[in-house]
Amino acid sequence: MASLPSSPMSAADPLAILSARFVAAIRAAFPDLNGEIDPLVTVNKNAALGDFQSNAAMGLSKRIGKPPREIAQAIVAKLELSDIAEPFNDKSIAGPGFINITLKSAALAASLVALDTPGLGVEQVADATIVVDVCGVNLAKQAHIGHLRSIVIGDALARTFERQGIRVIRQNHVGDWGLPIAMVTGKLMAEQAAGRLNPATLTLDRLEKLYKRAQQECERDLAGLEAVKKFGLGPKALAEVEEQVHGATEAFTHARQTLVRLQSQDPATIAVWKAIYDCTMSDVLAVCKRLHANVTNEATAGESSYADELGPLVDDLVNRKIAEESDGALVVFVQGTRTGEDGQPIREACLVRKSDGGYLYATTDLAAIRRRVQKLGAGRVVYAVDARQAQHFDQVFKAATRAGYATILTGKDSGAVARMDHAAFGTVLGKDGKPFKTRSGESVKLNDVIEEAVQKALAEVASRNTEMPASQQREIAEVLGVAALKYADLSNDRVKDYVFDFDRMVAFEGNTGPYLLNALVRIKSIFRKASEKGVDTNWKGALFAPNAPQEKTLALALLRYPGVIEQVADTLEPHRMCGYLYDVASAFASFYEACPVLKDDVSASTRDARLRLCDLTGRILSDGLVTLGIPPLERM
RNA sequence: GCGCGGGUAGCUCAGCUGGAUAGAGCAUCGGAUUUCUAAUCCGACGGUCGUGGGUUCGACUCCCACCCCGCGCGCCA
């Protein structure tokens with residue numbers, strides 16, 4: 001469908017103009033053709049052959065019943081491009097029927113002028129709200145490497161939507177409720193009662209140790225008991241294991257009692273829970289802040305905030321016969337992705353209440369969808385969550401749709417079902433190809449990861465700026481290290497696992513954060529130099545003159561920016577932005593080598609045209625990085 | 001068993017609704033600097049795109065089968 005160009009940018013976007021012209025030419029050449037016409041205009045893959053190309057002729061071949069080259073001839077005969085493109089020549093139609101277009105320099109310049117606005121041509125979406133599920137840490141646990149991707153990718157997606165003018169509500173779905181939290185709360189109360197712990201000086205590190213111990217006490221050898229009974233290892237083994245299990249059962253009972261007190265808002269229990277909450281979140285939010293991820297207290301909506309809604313929600317599901325009983329539990333049956341022996345899809349059970357009356361994470365997620373769509377007004381909900389939860393979300397999305405909880409209640413889309421997307425991400429791997437862990441097998445703390453990246457960056461900064469004050473080196477290294485870390489995560493295809501390598505991410509070559517920041521810093525440096533040399537600011541209104549091949553390549557890259565933002569928002573794939581920015585930075589590096597800006601033998605008009613091109617490049621690099629959640633740098 | 005994701009150069013990764021000779025970076029080798037910051041640029045070398053079929057004018061891309069790796073599969077989250 002050829003949508004009409006609406007924004008100021010798309011009116012001058014070569015892709016949009018060419019698409020419209022091609023559609024017109026095709027209609028003129030083949031008036032009998034009805035139905036949709038896709039002009040298939042793209043940036044030319046082979047720069048030597050032209051700037052843009054249309055592949056429409058091949059596709060139309062079957063519909064029209066003529067050889068594609070003949071169709072291409074007919075299209076070209078009707079194509080009116082003399083105002084913006086170079087005249088056709090014998091290379092304009094090539095291969096099976098590619099139509100190559102080379103833009104006139106003036107047309108390219110006009111497009112750049114249209115792009116060169118404060119908004120950089122990014123189309124604004126009116127009247128939309130998107131909820132982004134981001135971060136998702138658990139109480140009493142450090143933010144670790146497993147949370148990196150949710151924080152970084154979730155924030156980048158949120159920023160991309162915000163860049164489109166969409167109202168974004170971040171939701172940190174903290175695991176702050178349920179039996180595991182009751183375990184540690186009970187454990188903490190016991191420690192406190194025994195005088196072994198002062199709540200005022202509680203640290204997350206200490207808390208995490210208590211959590212692990214509580215968990216072990218509850219879980220120890222329940223599996224072993226099963227095994228002993230199954231294999232009949234004799235009364236002595238059975239007695240030993242049973243004694244262990246007795247301890248576990250005791251701990252479990254204690255945790256259950258604590259959970260009941262939590263749920264009934266017992267003040268003493270809640271007070272301890274709150275201490276755990278505050279201790280965890282102050283640490284976690286500090287890590288988010290250090291990562292320049294916009295995850296704050298306002299964005300925090302933990303599982304506990306749904307506690308009161310779960311009972312009524314399940315009642316509602318039962319009353320409307322959406323949930324039914326199955327082996328003592330309550331489930332919502334959904335059409336799953338799996339198939340049975342007969343090849344028919346299996347009805348999958350999405351559990352919303354256990355046989356003991358407890359609720360599950362699917363219950364909370366259903367409540368969350370309902371709140372996000374029907375209370376917060378989201379037309380789209382995006383989950384930046386580990387790919388291993390794909391089946392869970394598939395079920396929950398279907399159950400929510402069936403229950404009507406995803407139905408939009410107000411506004412222009414009232415009655416429609418909100419779009420629900422699981423932006424699934426793969427695992428962070430070590431160099432050995434296995435999940436990234438410390439030597440002792442523990443998960444790596446996020447703060448340690450950040451610190452190591454910053455230290456690596458600091459070593460580079462210090463060695464290259466020996467005269468710079470240490471405080472400034474440290475300041476730059478902090479930005480650079482965090483940029484390197486985030487960019488390494490964002491630049492890989494989201495759904496794939498990726499290998500984590502400090503040395504590669506802080507490298508200044510290749511598709512890395514430092515390389516992009518370096519391009520930006522070089523541009524800033526040009527303008528500092530210009531100012532030193534007393535060059536006036538007339539360049540701001542200068543005519544673009546993309547004549548050198550390097551200038552042309554750079555200009556064509558810059559024009560793609562608005563489209564890339566849209567692509568990222570649609571596919572939820574920030575690595576497209578990374579790849580794009582790397583293209584821009586590479587194109588700029590080649591330009592920088594080949595096209596002097598401030599050298600004495602450069603004419604004033606060329607200098608000003610190039611300064612304006614540098615400025616536009618810098619603003620797009622900067623805007624793109626900021627949209628990814630990476631702050632720009634002045635010097636490095 | 002069923003399902004989901006993945007398999008592209010020695011390594012790490014791109015490859016947009018099917019399009020021209022499958023691209024980067026690293027590594028290896030060879031060039032460029034009295035610098036608008038060389039934290040760079042230019043070039044060379046390097047690939048049966050897991051395997052085998054199919055659809056198509058054209059397949060890394062779509063379909064089918066199989067192999068290998070990872071992950072998931074009702075009362076944990």
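So you know, we letter chains A, B, ... as the sequences are listed, proteins then strands, and number each from 1.
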Colleague: Does B:rG53 sit syn or anti, given that only angles within 90° of 0 count as syn?
Modeller: anti
Colleague: Does B:rA20 have A:Phe98 stacked on its base, where the ring centres are within less than 5.5 Å and the planes differ by under 30°?
Modeller: yes
Colleague: Within the 4.0 Å heavy-atom criterion, would you say A:Arg576 contacts the bases, only the backbone, or no part of the nucleic acid?
Modeller: sugar-phosphate
Colleague: When rounded to the nearest Å, what value does the distance between C1' atoms of B:rU12 and B:rG46 take?
Modeller: 15 Å
Colleague: Classify A:Asn511 by what it touches in the nucleic acid, base, sugar-phosphate, or nothing, heavy-atom distance under 4.0 Å.
Modeller: nothing
Colleague: Students often get this wrong, so: under 4.0 angstrom with heavy atoms, is A:Glu303 touching a base, only sugar-phosphate, or nothing?
Modeller: sugar-phosphate
Colleague: Categorize A:Val597 for me: base, sugar-phosphate, or nothing, with a 4.0 angstrom heavy-atom threshold over every strand shown.
Modeller: base
Colleague: A:Asp600 near the nucleic acid: base, sugar-phosphate alone, or nothing, with a heavy-atom cut-off under 4.0 Å?
Modeller: nothing
Colleague: Is A:Asp356 touching bases, backbone alone, or none of the nucleic acid, heavy atoms closer than 4.0 Å?
Modeller: nothing
Colleague: Base, sugar-phosphate alone, or nothing: which one does A:Asp365 contact when heavy atoms must sit under 4.0 Å apart?
Modeller: nothing
Colleague: Restricting to non-hydrogen atoms, name the atom on A:Ala542 and the atom on A:Arg612 that form the minimum distance, rounded to 0.1 Å.
Modeller: O-NH1, 2.7 Å
Colleague: Heavy atoms under 4.0 Å, any strand shown: does A:Ala390 hit a base, just sugar-phosphate, or nothing?
Modeller: nothing
Colleague: Under 3.5 Å, is there any donor-acceptor pair linking the side chain of A:Ser525 to the base of B:rC36?
Modeller: no
Colleague: Quick one: sort the A:Trp273 and A:Trp177 rings into parallel, tilted or perpendicular, breaks at 30° and 60°.
Modeller: perpendicular
Colleague: Quick check, does A:Tyr361 stack with B:rA77? I mean ring centres under 5.5 Å and planes off by under 30°.
Modeller: yes
Colleague: Hey, does A:Leu49 reach any base, or is it just sugar-phosphate, or nothing, if we go heavy atoms under 4.0 Å?
Modeller: base
Colleague: Which part of the nucleic acid does A:Pro596 contact within heavy-atom distance under 4.0 Å: base, sugar-phosphate only, or nothing?
Modeller: base
Colleague: Has A:Tyr592 got its ring stacked on the base of B:rU40, with centres under 5.5 Å and planes less than 30° apart?
Modeller: no
Colleague: Base, sugar-phosphate or nothing for A:Thr364? Non-hydrogen atoms, less than 4.0 Å.
Modeller: nothing
Colleague: Counting any heavy atom closer than 4.0 Å, what does A:Arg522 reach on the DNA or RNA strands: base, sugar-phosphate only, or nothing?
Modeller: sugar-phosphate
